[in-house]
Protein chains: 2
Amino acid sequence: MNELRNENARAVLATVRERGGHPTALEVYEQVRQMRPKIGLATVYRILHQLTCQGVIRMWGDGSERARYDGRIDRHDHALCTRCGRLLDVPVEIELPRAALEQAARAAGIELDSHEVRIYGRCNDCQARSKA
Amino acid sequence: MNELRNENARAVLATVRERGGHPTALEVYEQVRQMRPKIGLATVYRILHQLTCQGVIRMWGDGSERARYDGRIDRHDHALCTRCGRLLDVPVEIELPRAALEQAARAAGIELDSHEVRIYGRCNDCQARSKA
DNA sequence: ATGGGTGCAAATCCTTTGCATCTGC
DNA sequence: GCAGATGCAAAGGATTTGCACCCAT
């Protein structure tokens, strides 16, 4: 409806979706600024928050860092480089028997809704870097 | 070696280990204060950081919240209540074929080191609460 | 003129740092 | 007296909020 609002929100959403690597709010801001130089950081945060609430994007984090945003909202897993912090999507579905999940959820005292596998290790770049 | 230091560090470690529910730094501070009233929040943060670096405890987070600390350092999975935010340990091992993990890691471009499964849902209390 | 969206700056919240002090050796 | 640890207060960094302004209706 509102033109301006649409433009800003669209730019933010496009950035989160198209940019690889699960950008932080600041990274989104910096990239969006190239399209909309007058946008403020607060607006980026506001829009990211809205989009997250609407379920259009997702917030992701590991507690030791700032929040990152993910344009993919389908269930998928992540791989995190413990050296450089890079966050990668796992492009394949990890087979995990539903029964095992349900049992685990029950054992923990939660009603299973969804799940995510996080893989920790060294990314290819960091492996190459440590050899050099 | 240093007595005082030992006392404070011991109290922090004991709190993280014994208190259920993956406390935040502030929660650790508040509980430790009951034993050592003069301790400062900064010291708690310093000790938590040291213990984390030493691998004695672990930091945990999901990006939308402050860091929490986990006294368990063995590989285990977590269940997160999406309503109240409660973080629970999964008391059973979720069967996940090593081969599937390795394949996923390779596909993502990471050398597999370890992994964690996160289960999302409603905890028992929240289920009861929403029925009431 | 009205309402929603915005930029800017100030405010918050969590965490880290600087520094003078204290403790045990 | 020295080195390491600590408390307090100030600093920092990320995110949110207050508020006056601006644009499309």
Side-chain angles (χ1 to χ4, degrees), chain A residues 1-16 19 21-54 56-70 84-87, chain B residues 1-16 19 21-54 56-70 84-87:
Chain A
M1 350 202 126
N2 184 305
E3 258 319 296
L4 250 195
R5 192 261 146 111
N6 273 334
E7 290 301 317
N8 280 342
R10 203 169 314 182
V12 168
L13 180 55
T15 296
V16 174
R19 173 177 179 131
H22 308 81
T24 63
L26 202 63
E27 287 167 345
V28 172
Y29 171 60
E30 276 160 5
Q31 180 154 342
V32 167
R33 256 212 298 193
Q34 295 174 9
M35 298 181 254
R36 326 216 84 241
K38 287 192 298 186
I39 199 171
L41 182 53
T43 300
V44 170
Y45 272 107
R46 275 187 283 242
I47 292 172
L48 285 171
H49 180 248
Q50 285 167 24
L51 293 174
T52 302
C53 289
Q54 291 163 18
V56 180
I57 61 175
R58 269 201 206 147
M59 191 184 275
W60 198 100
D62 78 346
S64 58
E65 304 186 330
R66 30 214 140 116
R68 298 171 173 201
Y69 295 87
D70 192 340
C84 70
R86 190 179 307 185
L87 177 62
Chain B
M1 352 201 121
N2 183 304
E3 257 319 297
L4 250 193
R5 192 258 148 118
N6 272 334
E7 290 301 317
N8 280 340
R10 202 169 313 184
V12 168
L13 179 55
T15 297
V16 172
R19 175 181 175 127
H22 307 81
T24 63
L26 202 63
E27 287 166 346
V28 172
Y29 171 61
E30 278 161 4
Q31 182 156 341
V32 167
R33 256 213 296 192
Q34 294 174 8
M35 297 181 254
R36 324 214 84 242
K38 286 192 299 187
I39 198 171
L41 181 54
T43 300
V44 170
Y45 271 107
R46 276 188 282 242
I47 293 172
L48 286 170
H49 181 247
Q50 285 166 26
L51 294 174
T52 302
C53 290
Q54 291 164 20
V56 180
I57 62 173
R58 272 207 203 139
M59 191 184 274
W60 197 101
D62 80 344
S64 58
E65 303 186 332
R66 35 214 135 119
R68 298 171 174 203
Y69 295 86
D70 192 340
C84 70
R86 189 178 309 186
L87 176 61

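Convention: sequence-line order gives letters A, B, ...; per-chain numbering from 1. Quick caveat: nothing in here was measured; it's all calculated off a predicted structure.
- When the C1' atom of dC22(C) is taken as reference, atom CD of E7(B) falls 16 Å away, rounded to whole Å.
- Protein atom OH of Y29(B) is 14 Å distant from nucleotide atom P of dT6(D), rounded to whole Å.
- A close approach under 4.0 Å does occur between a side-chain nitrogen or oxygen of N8(A) and OP1 or OP2 of dT6(C).
- As a whole-Å value, the separation of R36(A) CZ from dC23(D) C1' is 13 Å.
- R68(B) meets the salt bridge (Lys or Arg N to Asp or Glu O under 4.0 Å) test with E65(B); sequence neighbours excluded.
- For the OP1/OP2 pair of dT6(C) and a distance below 4.0 Å, the side-chain nitrogens and oxygens of T43(A) include no atom meeting the criterion.
- For R58(A), there are no side-chain hydrogen bond (donor to acceptor under 3.5 Å, both in side chains) partners at least two apart in sequence or on another chain.
- Every residue was checked against the side-chain hydrogen bond (donor to acceptor under 3.5 Å, both in side chains) condition with Y45(A), not counting sequence neighbours, and none meets it.
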Taking only N/O atoms, report every protein-nucleotides 16-19 of chain C pair under 3.5 Å with atom names and distance.
| residue | atom | partner | partner atom | Å |
| --- | --- | --- | --- | --- |
| dG18(C) | O6 | R46(B) | NH1 | 3.4 |

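- Heavy atoms of I39(A) sit under 4.0 angstrom from primed sugar atoms or phosphate atoms, though from no base atom.
- Considering every non-hydrogen atom in both A67(A) and M59(A), the closest pair reads CB-CG, 3.9 Å.
- Here dC14(C) presents its C1' atom at 13 Å from CD of E27(B), a figure rounded to the nearest Å.
- L51(A) has its CG atom 13 Å from the P atom of dG5(C), to the nearest Å.
- The distance from atom CG of N6(B) to atom P of dG24(C) is 12 Å, rounded to the nearest whole Å.
- Under the rule for a salt bridge (Lys or Arg N to Asp or Glu O under 4.0 Å), R46(A) has no partner lying at least two apart in sequence or in another chain.
- Minimum atom distance to the side chain of A25(B) is reached by dT15(C), of the listed dT6(C), dT6(D), dT15(C).
- Between E30(A) atom CD and dA14(D) atom P there is a gap of 11 Å when expressed in whole angstrom units.
- Here the side chain of T43(B) pairs no donor or acceptor atom with the backbone of I39(B) at under 3.5 angstrom.
- Atom CZ in R68(B) sits roughly 13 Å away from atom P in dC14(C) (whole-Å rounding).
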Show me the side-chain donor-acceptor pairs of residues 22-30 of chain A shorter than 3.5 Å, one per line, residues at least two apart or across chains.
| residue | atom | partner | partner atom | Å |
| --- | --- | --- | --- | --- |
| H22(A) | ND1 | L87(A) | O | 3.1 |
| H22(A) | NE2 | D70(A) | OD2 | 3.4 |
| H22(A) | NE2 | D89(A) | OD1 | 3.0 |
| T24(A) | OG1 | E27(A) | N | 3.2 |
| E27(A) | OE1 | T24(A) | N | 2.8 |
| Y29(A) | OH | R33(A) | NH1 | 3.4 |

